[in-house]
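In the text below, chain A, chain B and the rest are named by the order of the sequence lines, each starting its count at 1. Computed over heavy atoms, backbone and side chain alike; hydrogens, waters and symmetry mates excluded.
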2 protein chains.
Amino acid sequence: MKVQQKNTPCQLCMSRKFSLFSDVSEPHLCQLSDNKNLITHKKGQILFYEGTKPLGVFCISDGIVKVYKTASNGKEQIIRLAKAGDFLGYASLLGEEAYSNSATIVEDANICFVPRESFLKVLAEDNAFHQRVTKALCKDLGVMESKLTDATQKSIRERLAFTLLKLSETYGIDGNEGEKINIVLTREEIAGIVGTATETVIRLLSEFKKDELIDFEGKKIIVIDKKGLARLSDFYG
Amino acid sequence: MKVQQKNTPCQLCMSRKFSLFSDVSEPHLCQLSDNKNLITHKKGQILFYEGTKPLGVFCISDGIVKVYKTASNGKEQIIRLAKAGDFLGYASLLGEEAYSNSATIVEDANICFVPRESFLKVLAEDNAFHQRVTKALCKDLGVMESKLTDATQKSIRERLAFTLLKLSETYGIDGNEGEKINIVLTREEIAGIVGTATETVIRLLSEFKKDELIDFEGKKIIVIDKKGLARLSDFYG
DNA sequence: TAAAAAACATGACAAAAGTCATAAAAATAA
DNA sequence: TTATTTTTATGACTTTTGTCATGTTTTTTA
């Protein structure tokens with residue numbers, strides 16, 4: 001974990017433009033930029049642990065981070081995968097609680113750390129920003145409701161199919177034989193997203209491949225038949 | 001659904017004092033009070049439907065409301081039970097989305113409806129209030145993360161035991177032989193909270209009774225052995 | 001490059017939980 | 001009060017999913 005020069009000010013940061021900071025005013029942007037720290041993280045490094053106290057928020061410049069809770073059986077339930085432009089840790093900070101989850105680097109990442117005070121100052125002074133944060137929280141809440149409902153009412157097969165569709169939506173790049181999910185996840189991590197055992201994921205992925213819904217290219221998954229996966233995932237009720 | 005006189009101004013409302021409106025300034029309280037509508041709802045009535053557009057927020061004066069999503073298999077996943085002082089519908093309103101869930105009266109209720117404009121005006125003008133709303137949203141998000149993790153990583157038996165503990169925490173009243181969960185829920189509704197089939201709940205409740213963890217009194221459940229339930233629910237990890 | 005570790009794969013089996021059928025009890029409506 | 005509907009209950013059975021064991025492949029580290 002090495003601290004880099006603050007060579008990219010927030011003002012010029014490309015991924016900021018897709019983030020909650022997109023429309024923050026120039027002076028506030030300076031305030032953020034002057035106080036942030038860009039840190040380079042390697043795959044496997046832990047950004048923060050559930051139960052510890054947030055000292056600021058993280059803003060992903062590039063890379064992938066998994067946000068997860070560790071269940072009492074030791075398994076990781078992945079809450080979400082965060083990518084460039086996404087914020088981490090702000091809900092716990094604003095909730096004035098310890099982190100409700102942990103975050104670990106899935107793909108090498110450059111992440112800015114914005115200390116608590118800077119973040120809260122901008123939040124307090126820039127009402128439009130506060131509104132965007134509120135709106136984001138509300139949307140996240142709606143997403144979590146859907147995830148909970150899916151977790152209790154859908155089968156693992158349905159959930160895995162749905163997970164693959166969502167991943168291809170977010171990380172998909174077109175190829176000659178289908179859409180490649182351009183992110184490396186272990187079977188165990190996919191199991192963590194779906195909420196099941198690793199072996200079950202392995203078996204189902206093999207089945208999906210046999211049924212020509214997906215294919216493998218190295219460690220990456222190619223989605224061949226989106227409609228088939230949508231049908232399987234009970235996308236139409 | 002009959003509209004009552006606005007006989008109780010927000011200023012004097014007891015349940016407001018435990019709500020997000022607890023510390024709203026006098027003028028803002030007047031503004032809310034003048035525009036609200038107190039409506040009496042009977043058990044079974046529907047407050048709002050998933051997919052429709054929120055026109056304001058609901059504030060429960062008394063009674064119980066279940067907030068749930070209807071899954072594609074027709075079953076209801078109950079997201080939460082709301083009681084006096086709780087707000088409904090504000091996340092969808094602030095997220096500028098259609099309702100992400102539905103709400104139905106579980107026990108006869110008096111509920112105030114605060115129109116969108118009044119609510120947003122107070123939110124925009126009273127920064128401390130906005131902060132409390134934000135904080136509440138963040139806490140809800142943390143709760144949902146735990147629920148999701150429990151749903152995927154714990155057994156139905158564990159989740160039912162946990163649900164009973166939580167219900168007794170919120171609705172429990174001390175009796176001579178244990179803590180009575182003073183709220184009438186059908187087995188189907190309990191199944192909706194836990195996220196399982198009604199028959200499974202019936203079977204497990206019978207088992208819990210046989211094991212002298214709980215007892216029944218009419219339609220209500222008495223928690224006899226909290227520690228036993230806590231052990232079963234994997235409360236200690 | 002060799003050794004060790006992690007990830008993937010598959011079979012066999014057990015356990016958990018859902019579904020369907022049926023019936024009794026309780027609550028509600030006519 | 002009686003009829004009807006809803007809720008609770010239980011058995012029988014199936015399906016789904018998890019666990020454990022074992023082996024192979026791939027990746028990482030020394």
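- Taking CD from A/E217 and CD1 from A/I222, the interatomic distance works out to 4.0 Å, rounded to the nearest 0.5 Å.
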**Report entry** Steps toward side-chain contact (heavy atoms from CB on, under 4.5 Å) verdict (B/S146, A/K69)
**Finding:** CA-CA 8 Å; B/S146 296; A/K69 278 186 88 80; 3.6 Å; yes
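- Where DNA chain C meets chain A (any atom under 4.0 Å from a heavy atom), the bounding nucleotides read 5' to 3' are C/dA7 to C/dA12.
- Under a cut-off of 6.0 angstrom, the local environment of NZ in A/K17 is crowded, with over 12 non-hydrogen atoms contributed by other residues, nucleotides or ligands.
- A/L55 CG to A/Y99 OH: the interatomic distance, rounded to the nearest 0.5 Å, is 6.5 Å.
- For the pair B/I156 and B/K43, nearest-nucleotide mapping onto DNA chain C gives the more 5' position to B/I156.
- A/S168 contributes a side-chain N or O that, together with a main-chain N or O of A/L165, makes up a donor-acceptor pair within less than 3.5 Å.
- Using a 4.0 Å cut-off on heavy atoms, the residues of residues 188-199 of chain A that approach DNA chain D are A/T196, A/A197, A/E199, listed by number.
- Of the residues in residues 200-224 of chain B, those with a non-hydrogen atom less than 4.0 angstrom from any atom of DNA chain C are B/T200, B/R203, B/K219.
- Partner of B/E189 under the salt bridge (charged side-chain N to carboxylate O under 4.0 Å, His left out) criterion, out of B/K75, B/K66, B/K43: B/K66 alone.
- The CD atom of B/E169 sits 7.0 Å away from atom NZ of B/K226, with the distance rounded to the nearest 0.5 Å.
- The salt bridge (charged side-chain N to carboxylate O under 4.0 Å, His left out) test with B/D215 is passed by exactly one of B/K210, B/K209, B/K180: B/K209.
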Report task. Carefully, step by step, assess B/F208 and B/R157 under the rule side-chain contact (heavy atoms from CB on, under 4.5 Å). Result -> CA-CA 9 Å; B/F208 287 1; B/R157 179 178 283 100; 4.0 Å; yes
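- Looking at A/L185, A/L167, A/L164 one by one, the single match for side-chain contact (heavy atoms from CB on, under 4.5 Å) with A/I221 turns out to be A/L164.
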